[in-house]
Amino acid sequence: MRQNTEDIASRLNDQQVAAITAPAPVVVMAGAGSGKTQVLSVRIAREIEQGVPAGAILALTFTNKAARSMKERVAQMVGERSKELWISTFHKMCVGVLRKEAQRLGYKDNWVIYDTDDAKAMLGRVISELGLDPKIFVASKLAGVISAAKNDMASWQHLGGHRGGNYYECLGRIYRRYGDWLKAANAMDFDDLLTNTYEVLLTPALQSWQERYRSVFIDEYQDTNRIQNEIIWLLTRKHRQLFVVGDVDQSIYGFRGARWRNLLDLENRFPEAKRVVLEYNYRSAPRILACANSVISNNNERPQKVLRGTRPDASCVHTVIREGKDELASAVAKEVQSLKRSGVAGSEIAVLYRTNVESRAYEEAFLRHKIAHQVIGATRFYDRKEIRDVLAYARLVHNPFDLAAFSRVANWPTRGIGAISLEIITEHASARGLSFIDALGDTEGLSTPAEKGARSLNLILSSLVSYSETYPPSDLIAHIADETGITSIYQEEGAKRAQDRLENIEELCRVAKRYSDLASFLASTKLYDAQDDIEEQRGEVCLLTIHASKGLEWKAVFVVSLHDGGLPHLRSLEEKGGIEEERRLCYVALTRAKDHLYLCADSTRGLSQFLYEMPENLVGKALPDPDAHLQRRVARPHSKARCLGS
DNA sequence: GCCCTGGAGGTTTTT
DNA sequence: CCTCCAGGGC
């Protein structure tokens, strides 16, 4: 059913209309649940109606799911014309640019994406190559350091140079060597997608991209990091057709370089920009908003803002406090059952926690109480061993220089190529500039069993390569599992776990059917996010982290990490600005709820200070006196916010 | 040189 | 719970 944008606009409030009609650039400060997705979609549709070619519009969202839903909304308004729109996540947009431009930076066309695991594997090799102690230079820590450096646009000279001491000098060398190895493998890590896009935009290619994306829309700007901010500046500084939406109170990705100040700084870069504030919340019942406002008002580093309620009804904010995490999980399960009896669908209910490990207690409790549920994003599908193994073969078929894939594949299923032989083969390949498939054909220096293994792997890979020239990705996946012996290994094992693995491989084939070329299939396995595996139609209760819940909403939400050390998380207390970010995280969690908010805590661990920052008349009387029960004194902060709901 | 097994250790949040 | 590593067997 086609909708008219004027009809829709007539149902919007003045602030929303201002956001939609103001000439660009526009910076929208949009509180949680203030209809920002609606505003973005209507504005895009209006531009198309006013004659901007859909193909000249770029819209960036935070998740694939948000991109899909925005595309649907625009399609409802402008129909077919929306097909040309480019709506995606930041990283996917970069992949699009780099598919066309990576050659400028010296990559071959079949470049691949390395995820964090690939990056760690590469770093491990770099550290041992440089003869450094892997206990001092821990690959997983370094992956984070290097990632942070890239997102903050710091070079290896920068990382290694400006502080004295051997440690930092080694760090710089690792960073540089890691970059060399990725380049040799024709691979980019997640951060390279951003930095390389930036590099491309520093070349004469900039102009064509500025023309290609003449009108740019960005959601969740508070979670952009430095390099993303610079990319947007390069893309838009000429035409200045930029429309940005964000909320500093919902910035929760500081740990990966997000700088909420980017949102405010836009007004310096675009002094002509109009600022619009959306402060009316259409999502949550007033008492839920009162709690959220009250908590967030304790942050010092934020522009003053209060989210105003629009809903008349006074649903309750409940506290569920039990002694012990399993007792708490049971109590939550019982509440869920009673909600469902009262007519709330399972898919309208969510359980939000700070860390993935907390999901376990709830999974068990829900199983005991026979509540249909799905855990979102915990063990990600593409991180499963069997999936990574099969995909590693596919990657090597696509890009035979992929070192991370080769290291994975070389001896699994086992074929006599141990660590030493692997080292000989990779040395060999890099010394002569050979692909790993070709290097396997030259078995000089290998022991007899390793030589046999290398021959057989060479045959397998060569035949896979020719197979892939005729057959689509899904057939290739099935073929890999059979030809490498992975299928038969799991069949013979016969255990339930092995059965699951076979089913996962079948599922991978099914997913691959959606893609006709290997490059885009492989990219999709990397740029996948937690919200992608939510299955709404099944009517199940969702269990997920607060981070993964960003942008979503449910009728009833259980925030279950409100114990001391849970939220704010223990580890966050050491970081500067840590508490404020945790408070924003709490704010995000609370504002996911439409009608019912349940604040849940295991009292044996002590209660979250955030509970004491909520209005006393709503939650205070359910809480024990903090001075009496907590060993560590928790100062009870004065509640600065008004309780709008009561 | 390579394979397998058992025990220990370690879990914030993610593209 | 799942990964990493050391050590014994081949």
Side-chain angles (χ1 to χ4, degrees), chain A residues 60-64 67 88-95 113-121 124 134-135 138-140 143-144 147-148 150-151 188-195 220 223-225 227-228 251-258 352-361 363-364 376-380 382-385 410-424 445-453 497 523-532 544-550 561 565-575 578 581-582 584-586 588-589:
Chain A
L60 300 181
T61 57
F62 206 73
T63 60
N64 297 314
S88 76
T89 61
F90 222 111
H91 284 81
K92 278 204 173 139
M93 181 270 290
C94 292
V95 170
I113 302 169
Y114 272 14
D115 63 21
T116 319
D117 281 351
D118 297 322
K120 280 182 204 158
K135 296 219 168 76
V138 182
S140 58
S147 171
K150 287 184 181 178
N151 284 305
M188 303 183 196
D189 65 22
F190 287 138
D191 312 305
D192 290 334
L193 295 176
L194 302 171
T195 54
E220 311 273 17
D223 277 320
T224 55
N225 56 35
I227 185 86
Q228 290 172 323
S251 177
I252 56 174
Y253 282 94
F255 67 91
R256 65 179 207 214
L352 307 185
Y353 35 78
R354 177 65 179 83
T355 60
N356 281 304
V357 279
E358 294 172 78
S359 69
R360 175 133 253 105
E363 270 183 273
E364 284 167 8
I376 307 300
T379 45
R380 299 157 58 112
Y382 293 106
D383 287 344
R384 290 166 199 267
K385 180 196 181 307
N411 205 32
W412 177 257
T414 51
R415 51 176 75 86
I417 307 176
I420 305 279
S421 306
L422 175 61
E423 215 46 53
I424 294 171
L446 296 179
S447 66
T448 323
E451 187 182 333
K452 210 172 144 217
R497 194 182 151 106
S524 77
T525 65
K526 298 294 188 184
L527 297 177
Y528 163 91
D529 62 64
Q531 290 184 8
D532 283 336
L544 66 169
T545 62
I546 301 170
H547 281 92
S549 77
K550 182 173 178 142
S561 305
L567 186 69
H569 192 273
L570 194 63
R571 295 278 292 264
S572 73
L573 303 174
E574 305 148 16
E575 296 154 22
E581 175 134 330
E582 297 289 303
R584 293 192 293 268
L585 202 49
C586 183
V588 167

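In what follows, chains carry the letters A, B, and so on, assigned in the order in which the sequence lines appear, proteins first and then strands, with residues in each chain numbered from 1. A quick note: this is a predicted structure, and the numbers were derived from the prediction, not measured.
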Distances for protein N or O near nucleotides 6-8 of chain B N or O, under 3.5 Å:
none

Item to complete: Give A/N411 one of three labels, base, sugar-phosphate or nothing, depending on what nucleic acid heavy atoms sit under 4.0 Å from its own.
Response: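 Sugar-phosphate, backbone atoms only, no base.
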Item to complete: Return the orientation label for the A/Y528 and A/Y382 ring planes: parallel under 30°, perpendicular over 60°, tilted otherwise.
Response: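 Because their plane-to-plane angle is over 60°, the rings of A/Y528 and A/Y382 count as perpendicular.
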Do side-chain atoms of [X] reach the backbone of [Y] as a donor and acceptor pair under 3.5 angstrom?
| X | Y | result |
| --- | --- | --- |
| A/E581 | A/G578 | no |
| A/D117 | A/D383 | no |
| A/Y353 | A/L544 | yes |
| A/D115 | A/A119 | no |
| A/Q531 | A/K550 | yes |
| A/E582 | A/H569 | yes |

Practice prompt. Specify the separation, in whole Å, of atom CG of A/D117 and atom P of C/dC2.
Written response: 15 Å
Could you run down the sub-3.5 Å N/O contacts of the protein with nucleotides 3-10 of chain C?
none

Item to complete: At under 4.0 Å between heavy atoms, which parts of nucleotides 9-15 of chain B does protein reach? Answer with one letter per nucleotide, 5' to 3': B base, S sugar-phosphate only, - none.
Response: --BBBBB
Response to the item:
Interatomic distance, CZ@A/F190 vs CZ@A/R256, rounded to 0.5 Å, equals 10.0 Å
Discussion item. Distance check, rounded to the nearest 0.5 Å: A/I252 atom CD1 versus A/R584 atom CZ?
Written reply: 9.5 Å
Discussion item. Assess, by modelled atom type and distance only, whether the side chains of A/T63 and A/D529 contain a donor and an acceptor separated by less than 3.5 Å.
Written reply: no
Practice prompt. Would you indicate, yes or no, if B/dG1 has its OP1 or OP2 atom less than 4.0 angstrom from a side-chain nitrogen or oxygen of A/S421?
Written response: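 Answer no for this pair, as no side-chain N or O of A/S421 is under 4.0 Å from OP1 or OP2.
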